Amino acid sequence: MAQVQIREELPEGLKQELMPKHIAVILDGNRRWAKERGLSVQSGHRAGSRVMKALACLSSRWGIEVLSLFAFSTENWRRSKEEVDFLMSLFEEVIQTYEDEFTGSNIRISVIGDKSKLPESLQKMIASAEESTRGNTGLHLLIAINYSGRYDIMQASTSIARKVKDGVVKVEDINETLFEKELETNCVEFPNPDLLIRTSGEQRISNFYLWQLAYTEVFFAKKNLPDLEEEDFIEALTSFQKRERRFGGNKYTINQSII
Amino acid sequence: MENKIDSYAGSLVASLVSHMRRLLFRVLSTGAIPNHMAFILDGNRRYAKKRNLGEGMGHRAGFLALMSLMKYCYELGVKYVTIYAFSIDNFKRRPEEVQYIMDLMLEKIEGLLKEESIVNQYGVRVYFVGNLNLLNTPVREAAEKAMKATENNNKSILLICVAYTSTDEIAHAAKEAIEEKWGQIQESSKANGAQNGEISQEKHEGHQTIKLADIERHLYMGVAPDPDILVRTSGETRLSNFLLWQTSTCLLYSPKALWPEIGLRHLVWAVLNFQRIHPYLEKRRKQV
């Protein structure tokens with residue numbers, strides 16, 4: 001599908017042909033940021049949500065095809081009821097804003113994760129935003145709420161099991177290609193991130209995408225999410241563009257790699 | 001006479017170094033020690049190029065580094081060590097390189113079974129993890145022999161991932177789990193053939209769901225707990241389709257050193273970082 005929007009010129013040092021197609025971000029450090037400043041956890045999350053929007057806008061302007069944001073993990077339910085309730089209402093606010101403001105930027109919104117466990121009002125908001133931005137052809141923004149890599153692999157397995165039971169798929173046909181099509185990232189053209197950025201300095205994946213990160217370049221940003229600025233995003237992209245990706249082969253096989 | 005003094009001095013130094021290392025490990029052991037460490041052995045070919053050696057020499061140097069590192073890990077008290085020896089993707093390389101690596105693996109697997117090898121010294125049980133049917137017969141048979149020969153060892157465990165990728169492992173585990181469930185459903189259908197249709201339907205629904213435990217049971221790596229630290233050498237920070245399922249909460253460490261250059265200092269640094277986040281991760285684990 002041809003890109004309709006006009007791409008902004010990239011900052012100096014970044015090459016257009018080396019830009020990642022899909023960037024994923026683990027949004028970490030809101031609470032630490034708030035604690036450092038003696039602010040409430042809610043303030044931290046709100047500040048973090050502003051950066052989420054900025055990342056989406058930058059990605060859209062620079063012609064990124066897919067941006068995944070890890071907003072809420074299946075493991076985050078263990079936080080206090082107060083914090084979880086706040087986050088659910090913050091997500092409603094955020095998605096409403098995106099629905100209103102992103103149509104002009106041709107951004108499409110999808111939410112991945114187990115939506116059935118979310119408050120009804122949030123589910124309705126999500127359905128509305130997904131519907132109204134469905135025709136947009138620019139950046140595809142994936143917001144992961146109540147998502148985890150293991151959850152995604154399990155739901156794919158369950159879906160395939162159901163298809164086997166219904167006779168749609170034969171057991172002997174189950175392979176990596178078939179499996180990948182069942183993951184929730186099947187809604188985007190480029191399901192596997194080229195670059196993963198994790199804020200707050202922690203060096204782990206924390207059960208975000210698992211299958212999809214097989215060949216992803218990982219960049220650990222030391223700053224907490226609310227402190228992340230455009231120059232940090234550029235630093236991550238610059239680091240990405242310098243990397244030599246071999247996909248298990250070597251210099252001679254790079255051109256033949258199809259991932 | 002001089003040679004005798006040299007070798008005496010040499011063994012004195014070696015003994016001193018070993019002593020200091022044990023002291024260092026005792027200090028480290030005042031904190032938590034990782035139960036399972038995994039390594040992506042990257043940089044052998046770059047090392048060979050750097051030192052103007054033949055490419056094969058890089059892999060051999062890598063093997064020596066592996067032996068040292070295993071020794072340090074087991075001395076420190078790390079029970080499980082997993083290494084990414086050969087990916088399914090690596091079959092894409094030039095046939096000569098692939099053949100060289102297969103021959104080297106055969107040589108080294110046979111070496112592992114010798115009396116004086118590290119496997120016997122540290123009571124190591126060896127597992128070969130991956131889609132072993134993709135290996136040539138001599139290597140596969142040697143691997144199976146090594147697994148059989150060490151099956152009674154229980155002090156430490158070495159998992160060698162060969163003909164492995166994580167996506168292959170997961171798809172394979174899902175396929176096996178579904179096949180097993182499907183077999184159970186078909187059997188229960190036959191058994192319930194004469195019963196009330198509604199009851200059979202409910203039983204069907206219950207049996208059909210694939211659970212997490214079903215998948216985990218069929219993973220090649222199911223014989224070990226999840227790693228605590230994943231180390232990838234040569235400065236690249238990517239997972240390269242290794243242990244994707246198992247490293248979801250694991251500490252990732254990517255030193256710039258090429259694999260043959262890996263040493264004690266890297267292990268110590270990794271463990272210190274592990275000790276820093278361990279209390280937080282333990283607390284979270286208990287909350288589940």
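Residue numbering restarts at 1 for every chain, and letters A, B, ... go by the order of the sequence lines. Note that the structure is predicted; figures quoted are calculated from it, not measured. FYI, side chains are in, hydrogens and waters are out, and symmetry mates aren't considered; it's all heavy atoms of this structure.
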Exercise. Might you point out which heavy atoms bring B/Trp182 and A/Val171 nearest each other, and give the distance in Å?
Key: CD1-CG2, 4.3 Å
Practice problem: Measure A/Thr216 against the heavy atoms of chain B and call it side chain, backbone, both or neither at under 4.5 Å. | Solution: backbone
Quiz item: Under 3.5 Å, side chain of B/Ser248 to main-chain N/O of A/Ser206, donor-acceptor pair present?
Solution: no
Self-check item: Over all atoms of both residues, closest heavy-atom pair of B/Lys211 and A/Met154
Solution: C-CE, 3.4 Å
Quiz prompt | Per-residue contact mode, A/Arg150 against chain B (heavy atom under 4.5 angstrom) | solution = both
Practice problem: Can you measure from CZ (A/Arg245) to CZ (B/Arg238) and round to the nearest 0.5 angstrom? | Solution: 7.5 Å
Quiz item: From A/Leu213 CG over to B/Ser166 OG, what is the distance, rounded to the nearest 0.5 angstrom?
Solution: 10.5 Å
Quiz item: Around atom NZ of A/Lys115, are there more than 12 heavy atoms of other residues, nucleotides or ligands at under 6.0 Å?
Solution: yes
Quiz item: Salt bridge or not for A/Arg204 and B/Asp226, using N-O below 4.0 Å?
Solution: no
Quiz item: What distance do B/Ile210 atom CD1 and A/Ile160 atom CD1 have between them, rounded to the nearest 0.5 Å?
Solution: 9.5 Å
Quiz prompt | Proximal component of B/Asp214, with respect to chain A [non-hydrogen, under 4.5 Å] | solution = neither
Quiz prompt | Per-residue contact mode, B/Leu230 against chain A (heavy atom under 4.5 angstrom) | solution = neither
Quiz item: Is it the backbone or the side chain of B/Leu281 that comes under 4.5 Å from a heavy atom of chain A, or both, or neither?
Solution: side chain
Quiz item: Does a sphere of radius 6.0 Å around CD in A/Glu172 hold more than 12 heavy atoms from other residues, nucleotides or ligands, not counting ones at 6.0 Å or beyond?
Solution: yes
Exercise. Would you mind reporting whether A/Trp211 and B/Ile170 have side-chain heavy atoms less than 4.5 Å apart?
Key: yes
Quiz prompt | chain B contact residues among residues 176-184 of chain A, heavy-atom distance under 4.5 Å | solution = A/Glu176, A/Phe179
Quiz item: So which part of A/Phe220 gets closer than 4.5 Å to some heavy atom of chain B, the side chain, the backbone, both or neither?
Solution: side chain
Self-check item: Under 4.5 Å from any heavy atom of chain A - which part of B/Thr167
Solution: both
Quiz item: Going from NE2 on B/His172 to CG on A/Asn175, what distance comes out if it is rounded to the nearest 0.5 angstrom?
Solution: 12.5 Å
Exercise. With rounding to the nearest 0.5 Å, note down the distance linking CD1 in B/Ile178 to CZ in A/Arg162.
Key: 10.5 Å
Quiz item: When rounded to the nearest 0.5 angstrom, what is the spacing between CG in B/Leu212 and OH in A/Tyr151?
Solution: 14.0 Å
Quiz prompt | Nearest heavy atoms of A/Ile205 and B/Leu239, plus distance in Å | solution = CG1-CD1, 4.3 Å
Quiz prompt | Interface moiety of B/Tyr280 toward chain A, non-hydrogen atoms closer than 4.5 Å | solution = side chain
Practice problem: Might you point out which heavy atoms bring B/Ala171 and A/Ile174 nearest each other, and give the distance in Å? | Solution: O-CG2, 4.2 Å
Quiz item: Counting only heavy atoms not in A/Trp77, do more than 12 fall under 6.0 Å of its CH2?
Solution: yes
Self-check item: Neighbour count >12 (heavy atoms, 6.0 Å) for atom NZ, A/Lys21
Solution: no
